Amino acid sequence: MEIVHISAECYPVAKAGGLGDVVGALPKYQCKAGHIAKVVMPMYRTKFLYNNEWVVDFKGSAHLGDWLFEYTIIREKTNSLGFDLYLVDINGLLDREKIYGYDDDTERFTAFQIAVVSWMASWEHRPDIVHCHDHQSGLVPFMMKHCFNYRHLSRVSTVFTIHNGQYQGWMDWSQSKLIPAWDDWKTGLLEWAGRINPMASAIKCADRVTTVSQSYMEELFYDANGLESLFDYERGKCVGILNGIDNEIWNPATDTYLDNHFSVKTVTKGKKANKALLCEKYGLDKEKPLFVFIGRLVGEKAAEILPGSIARAIHESGGAASFLILGSGQTDIEWALQQMTGQYPGLYNAYIGYNEALSHLIYAGADFLLMPSRVEPCGLNQMYAMRYGTVPVVRSTGGLKDTVVDMGDPDGYGIRFNHATESDLVYSISRGVSVYQDSAHMEKMRKFMMQVDNSWEATVQKYISVYQGIL
Ligand code: ADP
């Protein structure tokens, strides 16, 4: 099968969150399973671009409204990621340092999608599956099926994966001129609640819609940022498939970011060495159980309850635990977390920013990972934590519910709670502090969770079955 993945992110080329991890791994494991999977993404100015060799695969031009723009498709020369990687260069529009966050993101990602579809329409053959990821490629199924220019692609099967349903890429009707001409009577396929909604359009037009966990799929029927009734209507084509993790990258025995490697057998010693390094770097007491948070500092992750919860947990436990935060996001939350750094010497520190290397050391050195998320479509952090023997402390939602078993249940290895509130989080931290005193129990949980199979090898076949169902 030939599968073309279209995405705004792909690790290690460009990553802002879980989408990048998934698009960096799923195609690799599809290729390993004997298929031809390719990734097409925008050409940002990233380290990966400058550190690798590229060949020009195609040059073309297309219209974004009145503007005739030129684009170039370049391909990474050595197949170093385990799949063919194509970047779309649109001068002045995509070749920037950040992935998102510009005023003209709508124009940027619309032009990207037009370039990709125009390029695929020029191929002599047709791919079997075009697999789009999140709203930045949400207009592709509509364009392939209903825009006059791309009729050649109208019979190609499309799959749309929702990694995060909160962001839908809304556009005003004044921006409809950016989209290549279509049959007027199909306009409803672009629309939701009076606006152009690329995510809704993809749900309507793709042959199958997947989300990254079964529980998140079920949540979307009653909580989908306005799209609930659409999900309900399209229920028949929706499938929940839990993400895997790339066990080659996320392996504490070989992780290139770590100096102290460890395996299931050596977990206690290995984590101790990583914790010592981490605590020394961030001025924390290494004798105390270390609770960490890694992620975007936004409401979805309930990050705003962290400062209050940590302060309460420190006071109520008499300083029995230490805390380290790695994240960036809303400035008010960043500020609140930052200004606490001087207040609890030896017990609290924060790194505000994005730091891939530090995240690996934290997964390896921490005792507990906090994830009080309000919305968590799948969540990868808890799976990385498990692989590194770090106990996940999670709210029971979405993928967290599907991957973490509470330590009070048979074969449990995590801590679960129901509400994204300070009280629930502080109580869960106190459960962590108690279990930390029982080193035999901790070791047993660590060894057990490190062996839970969350690999892509186990998951990839589920996507293949979805593809087979529509071919
Ligand atoms: P989301 O995609 O909603 O942000 P996920 O749990 O699916 O959340 O994926 C988050 C990914 O991003 C993980 O690989 C996590 O380690 C990484 N990550 C998030 N914030 C940071 C940060 N500040 N520094 C390094 N890695 C981060």
Side-chain angles (χ1 to χ4, degrees), residues 7-26 47 98-101 133-136 161-167 211-213 215-216 219 225 241-252 255 257-258 278 282 292-303 306 324-331 333-334 337-338 349-366 369-388 390 392-395 397-404 420 454 456 459:
S7 171
E9 298 180 34
C10 172
Y11 179 83
V13 192
K15 162 179 162 183
L19 169 64
D21 284 332
V22 173
V23 179
L26 173 60
K47 264 195 203 153
K98 284 194 303 175
I99 304 174
Y100 316 112
H133 298 266
D134 273 353
H135 74 80
Q136 296 85 2
T161 295
I162 299 168
H163 298 259
N164 192 335
Q166 294 299 108
Y167 307 100
T211 63
V212 290
S213 72
S215 289
Y216 185 56
E219 282 170 25
N225 205 5
I241 303 177
L242 191 70
N243 282 335
I245 60 171
D246 192 333
N247 277 344
E248 288 175 2
I249 291 170
W250 296 93
N251 181 354
D255 190 323
Y257 289 111
L258 299 184
L278 193 59
Y282 290 92
V292 298
F293 173 93
I294 301 174
R296 293 181 291 119
L297 301 174
V298 294
E300 252 183 293
K301 304 281 179 195
L306 290 170
L324 179 63
I325 306 284
L326 167 61
S328 60
Q330 273 173 233
T331 38
I333 306 178
E334 288 186 354
L337 289 165
Q338 185 70 59
N349 211 338
Y351 178 107
I352 303 299
Y354 189 94
N355 188 328
E356 189 74 30
L358 178 57
S359 74
H360 286 243
L361 178 59
I362 295 181
Y363 288 120
L369 177 91
L370 303 175
M371 291 185 80
S373 310
R374 291 203 169 80
V375 184
E376 198 60 81
C378 174
L380 295 169
N381 299 19
Q382 81 281 13
M383 293 197 262
Y384 298 147
M386 284 160 61
R387 185 105 166 104
Y388 286 64
T390 299
V393 181
V394 306
R395 187 171 98 79
T397 186
L400 300 176
K401 213 156 120 183
D402 295 356
T403 50
V404 177
N454 284 316
W456 273 111
T459 299

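Remember, predicted model here, so these are calculated numbers, not experimental data. Whatever order the structure lists ligands and atoms in, that order sets their numbers, starting from 1.
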Q) Is E300 touching ligand 1 with its side chain, its backbone, both, or neither, if touching means heavy atoms under 4.0 Å apart? A)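 The answer is neither; E300 stays 4.0 Å or more away.
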Give a yes or no answer on whether the side chain of [X] reaches the backbone of [Y] with a donor-acceptor pair at less than 3.5 Å.
X: E334; Y: G329; answer: yes
X: N454; Y: I245; answer: no
X: D402; Y: S215; answer: yes
X: D255; Y: Y257; answer: yes
X: E219; Y: G398; answer: yes
X: N164; Y: D134; answer: no
X: T390; Y: Y363; answer: yes
X: R374; Y: G299; answer: yes

Closest approach of any protein heavy atom to [atom], naming residue and atom:
atom: atom 23 (N) of ligand 1; value: G353 O, 2.9 Å
atom: atom 20 (N) of ligand 1; value: G295 CA, 3.4 Å
atom: atom 18 (N) of ligand 1; value: Y354 CE1, 3.9 Å
atom: atom 10 (C) of ligand 1; value: N381 OD1, 3.4 Å
atom: atom 8 (O) of ligand 1; value: K301 NZ, 3.1 Å
atom: atom 4 (O) of ligand 1; value: R296 NE, 2.8 Å
atom: atom 25 (C) of ligand 1; value: N355 O, 3.3 Å

Taking N or O atoms only and a 3.5 Å limit, does [X] qualify as a polar contact for ligand 1?
X: L380; result: yes
X: K15; result: yes
X: G18; result: yes

Sub-4.0 Å atoms of ligand 1 with respect to non-hydrogen atoms of [X]:
X: D21; result: 11 (C), 13 (C), 14 (O)
X: Y384; result: 13 (C), 14 (O)
X: Y363; result: 15 (C), 16 (O)
X: G327; result: 23 (N)

Q: Compare all side-chain heavy atoms of Y282 with those of I362 and state whether any distance is below 4.5 angstrom.
A: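 No; the side chains remain at least 4.5 Å from each other.
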Q: Grab the two heavy atoms, one from L26 and one from W456, that are nearest each other, plus how far apart they are.
A: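 Closest pair (atom of L26, atom of W456, distance): CD1-CZ3, 3.7 Å.
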Q | Close approach of M371 to ligand 1, heavy atoms, under 4.0 angstrom | A |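 No.
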